[in-house]
Colleague: 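A single structure is presented below for examination.
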2 protein chains.
Amino acid sequence: MEKENVTIYDVAREAGVSMATVSRVVNGNSNVKQATKDKVLAVIDRLDYRPNAVARGLASKKTTTVGVIIPDVTDMFFSELARGVDDVASMYHYNIILANSDDSGTKELQVLENLLAKQVDGIVYMGNGLREQLRNQFSHSNVPIVLAGGVDEVNQIPTVNIDYTAATKDAVTKLIKNGHTQIAFIPGNMQQAINQKYRLRGYQEALEEAGIAFDETMVFDAQYTYNAGFELANELYATTATAAFVGADELAAGILNGLTDRGVNVPEDFEIITAINTKLTQITRPQLSSISIPMYDMGAVAMRMLTKLMDKENIENGHLSLPYGIISRQTTR
Amino acid sequence: MEKENVTIYDVAREAGVSMATVSRVVNGNSNVKQATKDKVLAVIDRLDYRPNAVARGLASKKTTTVGVIIPDVTDMFFSELARGVDDVASMYHYNIILANSDDSGTKELQVLENLLAKQVDGIVYMGNGLREQLRNQFSHSNVPIVLAGGVDEVNQIPTVNIDYTAATKDAVTKLIKNGHTQIAFIPGNMQQAINQKYRLRGYQEALEEAGIAFDETMVFDAQYTYNAGFELANELYATTATAAFVGADELAAGILNGLTDRGVNVPEDFEIITAINTKLTQITRPQLSSISIPMYDMGAVAMRMLTKLMDKENIENGHLSLPYGIISRQTTR
DNA sequence: AATAAAAATGTAAACGCTTGCAAGAGGGTT
DNA sequence: AACCCTCTTGCAAGCGTTTACATTTTTATT
């Protein structure tokens, strides 16, 4: 049971070669005579040798590990992104250190510190925006980083997301085309740039194009939870709104169920369109119409971009907007 | 911008002490004169020194990193566990390397190999069962490991979960009390020990206690997906079953919606109880009655247990069953 | 067969830290 | 003044690899 750690040195001795040679075959590196390679490989197998990645990391200054800062793995949107990240990470032989930040500034900073201490080769940052302080830390370090799913207001950091403004505009326009003029805008947390700037702009553009005046009372701030939505339904009920753009599925589900419970018929009396397209959209009754976002792909592409950055390859375009769609289900006519 | 890596050596020089002393203050270690400590701390601050965790790992043989093998982060059950794990991990200053296994034997093995190469201090394994081969690898290495949420058929590895047999029995008994005798058993993948042994036994015990004969045609095998459930609804419709025990929420949601779409009234004509208690249970209409499992806590407790194991503390009981409950919502009367 | 070029292998110095051991610095005791 | 502790600090040997650079072996050329 006591697997006394076998080192590269043991292998070298047993195989009658130097550790440099063993290192070479382990790394599939340069030119080693086939015969030697076979001999070494045999010993590695016999001794059950497993290269110590930590030592490797020290010597080569590469850890083949990337950090992933995520608000909450429990959030369907982010976990889907994370899955995309991990899949391509492992495809390129990287592991990911996953760290939840709760979207909190101080936690993010702390987590970043940690990740850098662990010498990660790169970082994919997920979040709804990029705080000033964090951006500073990023630029101070020379670890490549890419932002997945979020927005960087100053377009300074490589990013992959969708065009939130356009998507929102499309969704709202769809509602307008269905005859609505009183459309509630409920993107979630209005503090976040993604809502406060991008989505709001899309909403406003759609209204403007249709010649509808922007009415501030149609803008609602909310937490990204089912319960927040459920409660908001009451508030909504008291307004003249006849449709709503909602920034997240759980929130939308809450609103939908809340409204339904109050006897409102969706979509006859009230239409809803949500901004994400998680499994939830199929589960609610009626099913939620939504913007379809390629979450998994966003994560995958972000990670792929990161591998390039880590290899110091040139990135043609550091700001990718993936295509999105609009899926009509049952909460819109 | 070129933060030429400042090392412990730089700090030592600047502070006029030896690196050993710097190391001591960094590790809050042993006894260092307060004056010296202050001096060193000041330099650390000025130079913005950040200890290299990789070097530390090599020297100390501790990486303060634990591996987490998870079937799929995207699964609500597992991501909730993962969150619990990460929270207490970071509480104890550990980071987690998260690796998706897709519940595949070969992938698990590969992932494990990786984790061991990275010299993780411990592993928390999530999965529905523990494959022979993996168990072997585990016992070959001397890295502590704990199983979260799953079952170890031979009770060989520290585990934290709930009593799946008892929970299933309780749930089924509830259905029986409501007058049902034809109860479908749809735990999910019947290959998995957790279903094939534990849950099935609970189901059978409940029937037996009520004097109902076990009917094999009431046992259904299914994938853990919404669609599988939706389709299974048709099949179910054709049987004499009047109630069902379902092993997962998504699956249950599919069954519920499928049945409803066929005009079946739940719970009047058909009752459903699901085995997990994710957010979904509140979102479906009618809301799903379910067994409530402390997912987050299972993860948290498992990680806590792992910290003890890593510290070579004695574990009083390596097989923890956390309490569960039964929540009646609207799919049962 | 001699020689140059190419291929294979070895040597040893990092990489940045921890840690056992030794030694210096102050006291207090007798 | 000699001796013994206890508290601090420094020395230096690792930890297990990678990787320039040097050296040896092989192959090709004439």
Side-chain angles (χ1 to χ4, degrees), chain A residues 3-41 43-44 47-65 93 114 116-121 141, chain B residues 3-41 43-44 47-65 93 114 116-121 141-143:
Chain A
K3 150 133 43 156
E4 281 313 326
N5 273 326
V6 2
T7 73
I8 200 175
Y9 184 75
D10 298 322
V11 175
R13 182 168 26 73
E14 289 290 308
V17 299
S18 72
M19 27 187 309
T21 298
V22 176
S23 175
R24 291 198 187 91
V25 352
V26 165
N27 291 296
N29 209 345
S30 25
N31 19 26
V32 180
K33 208 200 307 182
Q34 188 60 42
T36 316
K37 184 182 293 184
D38 293 345
K39 194 170 52 177
V40 171
L41 250 20
V43 174
I44 284 180
L47 262 43
D48 201 15
Y49 166 70
R50 175 190 298 128
N52 179 323
V54 173
R56 267 222 269 217
L58 220 211
S60 69
K61 290 166 168 292
K62 293 208 166 310
T63 54
T64 61
T65 302
H93 303 291
N114 248 275
L116 294 179
K118 294 245 161 121
Q119 315 297 119
V120 294
D121 294 336
S141 89
Chain B
K3 151 136 41 164
E4 282 309 330
N5 272 325
V6 1
T7 72
I8 200 174
Y9 184 76
D10 299 322
V11 175
R13 182 167 28 70
E14 289 290 308
V17 298
S18 71
M19 28 188 306
T21 298
V22 176
S23 174
R24 290 196 187 94
V25 353
V26 165
N27 291 296
N29 211 344
S30 26
N31 19 27
V32 180
K33 208 200 304 180
Q34 188 60 41
T36 314
K37 184 182 292 183
D38 292 344
K39 194 170 50 178
V40 172
L41 250 19
V43 175
I44 285 181
L47 262 43
D48 202 14
Y49 166 70
R50 174 190 299 126
N52 179 322
V54 174
R56 267 221 268 219
L58 222 212
S60 69
K61 290 164 168 292
K62 294 209 166 307
T63 55
T64 60
T65 301
H93 304 289
N114 248 273
L116 294 178
K118 295 245 161 123
Q119 314 296 118
V120 294
D121 294 336
S141 89
N142 31 32
V143 173

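Order of the sequence lines sets the chain letters (A, B, ...), proteins ahead of strands, with each chain counted from 1.
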Colleague: Ignoring hydrogens, what is the shortest heavy-atom contact between A:D10 and A:V6? Give both atom names and the distance.
Modeller: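 What the structure gives for the nearest pair is OD2-CA, 3.3 Å.
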Colleague: Please pick, from D:dT17, C:dT18, D:dG10, the nucleotide with the shortest atom-to-atom distance to any side-chain atom of B:R56.
Modeller: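 Shortest atom-to-atom distance from the side chain points to C:dT18.
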Colleague: Among C:dT18, D:dC11, C:dG16, which is the nearest nucleotide to the side chain of B:N5?
Modeller: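 Looking only at heavy atoms from C-beta outward on B:N5, the closest nucleotide is C:dG16.
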Colleague: Rounded to the Å, how far apart are B:I8 CD1 and C:dT18 C1'?
Modeller: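 To the nearest whole Å, that distance equals 8 Å.
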Colleague: Give a yes/no answer on whether the side chain of A:T21 brings an N or O atom under 4.0 Å of OP1 or OP2 in C:dG10.
Modeller: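 Indeed, a polar side-chain atom of A:T21 lies that close.
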Colleague: Specify the separation, in whole Å, of atom CG of A:N27 and atom P of D:dT19.
Modeller: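 It is 7 Å, rounded to the nearest whole Å.
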Colleague: Check the distance between C:dA7's C1' and A:Q34's CD and give it to me in whole angstrom.
Modeller: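 Roughly 14 Å, once rounded to whole Å.
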Colleague: Using a cut-off of strictly less than 4.0 Å, decide whether A:S60 has a side-chain nitrogen or oxygen near OP1 or OP2 of D:dT17.
Modeller: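 No, A:S60 has no side-chain N/O under 4.0 Å of OP1/OP2 on D:dT17.
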Colleague: Is it the case that B:K37 and B:T21 place a side-chain donor and acceptor less than 3.5 Å from each other?
Modeller: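 Not at all, the side chains of B:K37 and B:T21 share no donor-acceptor pair under 3.5 Å.
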Colleague: Of all the heavy-atom pairs spanning B:T63 and B:Q119, show the shortest one and how long it is.
Modeller: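 Minimum heavy-atom separation between B:T63 and B:Q119: OG1-O, 2.9 Å.
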Colleague: Which of the following nucleotides, C:dC17, D:dT8, D:dA12, is nearest to the side chain of B:A20?
Modeller: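 Selected nucleotide: D:dA12.
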Colleague: Looking for any heavy atom pair under 4.0 Å, which part of the strands does B:V17 touch: base, sugar-phosphate only, or nothing?
Modeller: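 The answer is sugar-phosphate, as B:V17 gets under 4.0 Å only of primed atoms, P, OP1 or OP2.
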Colleague: What integer distance in Å separates B:R24:CZ from C:dT18:P?
Modeller: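 About 11 Å, once rounded to whole Å.
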Colleague: So does A:Y9 get a side-chain nitrogen or oxygen closer than 4.0 Å to the phosphate oxygens (OP1/OP2) of C:dT11?
Modeller: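 Result: no.
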Colleague: Within less than 4.0 Å of OP1 or OP2 of D:dG16, is there a side-chain N or O belonging to B:K61?
Modeller: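 Checking D:dG16 against B:K61, a side-chain N or O does come within under 4.0 Å of OP1 or OP2.
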Colleague: Output the single nucleotide from C:dG16, C:dT11, D:dT17 whose closest atom is nearest the side chain of B:A55.
Modeller: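 Of all the options, the side chain of B:A55 is nearest to C:dG16.
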Colleague: Taking 4.0 Å as the cut-off, does a side-chain nitrogen or oxygen of A:T7 come that near to OP1 or OP2 on D:dC15?
Modeller: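 For D:dC15, OP1/OP2 do not have a side-chain N/O of A:T7 under 4.0 Å.
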Colleague: Starting from P on D:dT17, measure out to NZ on B:K118 and report it in whole angstrom.
Modeller: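 Answer to the nearest Å: 15 Å.
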Colleague: A:M19 and A:I8: which non-hydrogen atoms are nearest, and at how many Å?
Modeller: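 Minimum heavy-atom separation between A:M19 and A:I8: O-CD1, 3.7 Å.
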Colleague: NA contact type, A:S23, heavy-atom cut-off 4.0 Å: base, sugar-phosphate, or nothing?
Modeller: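 Answer is base: heavy atoms of A:S23 come under 4.0 Å of a base.
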Colleague: Between A:M19 (CE) and D:dT19 (C1'), how many Å, whole number?
Modeller: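 Taking atom C1' of D:dT19 as the reference, CE of A:M19 is at 11 Å.
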Colleague: Just the rounded figure in Å: distance from C1' of D:dT25 to NZ of A:K33.
Modeller: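 In whole Å, D:dT25 C1' lies 8 Å from A:K33 NZ.
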Colleague: Would you check if there is a donor-acceptor pair between the side chains of A:R56 and A:N27 at a distance under 3.5 Å?
Modeller: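 Per modelled atom types, A:N27 and A:R56 side chains form a pair under 3.5 Å.
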Colleague: Take atom CG of A:L58 and atom P of C:dA13, then tell me their distance rounded to the nearest Å.
Modeller: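 After rounding, the reported distance stands at 17 Å.
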Colleague: Could you check whether the side chain of A:R50 and the base of D:dG16 have a donor-acceptor pair of N or O atoms closer than 3.5 Å, going by distance alone?
Modeller: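 Counting by modelled atom types and ignoring angles, no donor-acceptor contact under 3.5 Å is found here.
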